[in-house]
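Heads up, the thing below is written out as structure tokens.
For reference, positions follow the sequence shown, starting with 1. Order of listing sets the numbers, starting from 1, for every ligand and every atom in it.
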Amino acid sequence: MENQADSLIGRLSQSSLAYIRRLLFRVLSVGPIPNHLAFILDGNRRYARKWKLGEGMGHRAGFLSLMSLMKYCCELGVKYVTIYAFSIDNFRRKPHEVQGVMDLMLEKIEGLLKEESIVNQYGVRVHFIGNLKLLSDPVRLAAERAMKATSNNNNCILLVCVAYTSTDEILHATVESCEDKLSEIRSLGRLQNGEISPEKCGAAVSLADVEKHIYMGVAPDPDILVRTSGETRLSNFLLWQTSTCLLYSPKALWPEIGLPHLVWAVLNFQRINPYMEKTRKQL
Ligand SMILES: CC(C)=CCC/C(C)=C/CC/C(C)=C/COP(=O)(O)OP(=O)(O)O
């Protein structure tokens, strides 16, 4: 009886919170809503140390925050959410730590495919972005399955950057653009002696060619980049895409991030949006 009463109170408080959130989002929607939010999930290990949790528990708590935030973003009408889940440099961490994050990732990607997951409840399409060849077979295959299974969802798009760094992304896009250009030149029969200098090929490559091959080409540039734990570095994340975006670095560790941070970020975006629009037009 007591348990039933507890769960009824729990459900009621959940639904009143959801109601207050809807009202809040309606007020926020009077102003412009960002189309794309990007997050650097910093501070998971520090959170585990702060609360004397076991190793890996910080990343687990971080995943829960990610799911709540994803839900709020969908409710608010944000179309794209990008997260820096694992950088190429993170592979240099202690092997058991890398393994811990990869095991968690595999478990959570499989969880995303379940019917009751936020991805399915909110119609989220998932993209994995980065040098996916660097992932172990089970993680890469799970990522591919998730991309395929959610490919018809179009309410909101979650871009998970794994085995990603911006410099690797730019290098990869540049090489592919040069290869494209080379085969284009070859097919037009413009090669006299079968050789072309790298300088000539490079000169023929345009900005649009590179952007066609950039991993993040599936999304517009972010409007806001949030890095938690008070750090103000970009750490090789979305360098190509953040020239005009608002940066916000709350003191909260990633597992502590919540609705107030999202609301604050959106209010700041709304305050500077007229100026940002002008800068974008001048580019
Ligand atoms: C399926 C899916 C999307 C899973 C995501 C799982 C998740 C929360 C990954 C975060 C991994 C990571 C290296 C975060 C950075 O915190 P940190 O370890 O650098 O912590 P610190 O800043 O305190 O050192």
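The aromatic ring centroids of Phe91 and Phe86 lie less than 6.0 Å from each other.
A donor-acceptor pair shorter than 3.5 Å can be found between the side chains of Ser229 and Asp42. Residues Glu169 and Tyr164 bring a donor and an acceptor atom of their side chains to less than 3.5 Å of each other. In the model, Thr167 has a side-chain atom that pairs as donor or acceptor with a side-chain atom of Asn236 under 3.5 Å. No hydrogens or angles considered: nothing links the side chains of Glu211 and Gln241 as a donor-acceptor pair under 3.5 Å. Looking only at atom types and distance, the side chain of Asp168 has no donor-acceptor partner in the side chain of Thr165 under 3.5 Å away.
Heavy-atom proximity to Ala85, at under 4.0 Å, picks out these atoms of ligand 1: 9 (C), 10 (C), 11 (C), 12 (C), 13 (C). Remark: ligand 1 atoms within the under-4.0 Å shell around heavy atoms of Arg46 are 21 (P), 22 (O), 23 (O). Shown in contact with Leu41 at under 4.0 Å from a heavy atom are these atoms of ligand 1, numbered in order with element: 14 (C), 15 (C), 16 (O).
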(request) Decide salt bridge (charged side-chain N to carboxylate O under 4.0 Å, His left out) for Arg93 and Glu97; before the verdict, give the C-alpha distance in whole Å, the side-chain angles of both, and the deciding distance to 0.1 Å. (result) CA-CA 7 Å; Arg93 290 184 176 185; Glu97 201 181 303; 3.3 Å; yes
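Of all the heavy atoms of Ile83, the ones lying under 4.0 Å from any atom of ligand 1 belong exclusively to the side chain.
The protein atom (non-hydrogen) at minimum distance from atom 2 (C) of ligand 1 is Phe63 CE1, 3.8 Å. Ranking protein heavy atoms by distance to atom 16 (O) of ligand 1, first place goes to Asn44 ND2, 2.9 Å. In this structure, the protein non-hydrogen atom closest to atom 8 (C) of ligand 1 is His59 O, 3.5 Å. Atom 6 (C) of ligand 1 has its closest protein heavy atom at Leu104 CD2, 4.1 Å.
In this structure, the side chain of Ser166 engages the main chain of Leu239 through a donor-acceptor pair within 3.5 Å.
The N/O atoms of Asp42, backbone and side chain alike, include one that comes under 3.5 Å of an N/O atom in ligand 1. The shortest N/O to N/O separation between Leu112 and ligand 1 does not fall below 3.5 Å.
The residue from Glu231, Arg93, Arg45, Glu107 that puts a heavy atom closest to atom 19 (O) of ligand 1 is Arg93.
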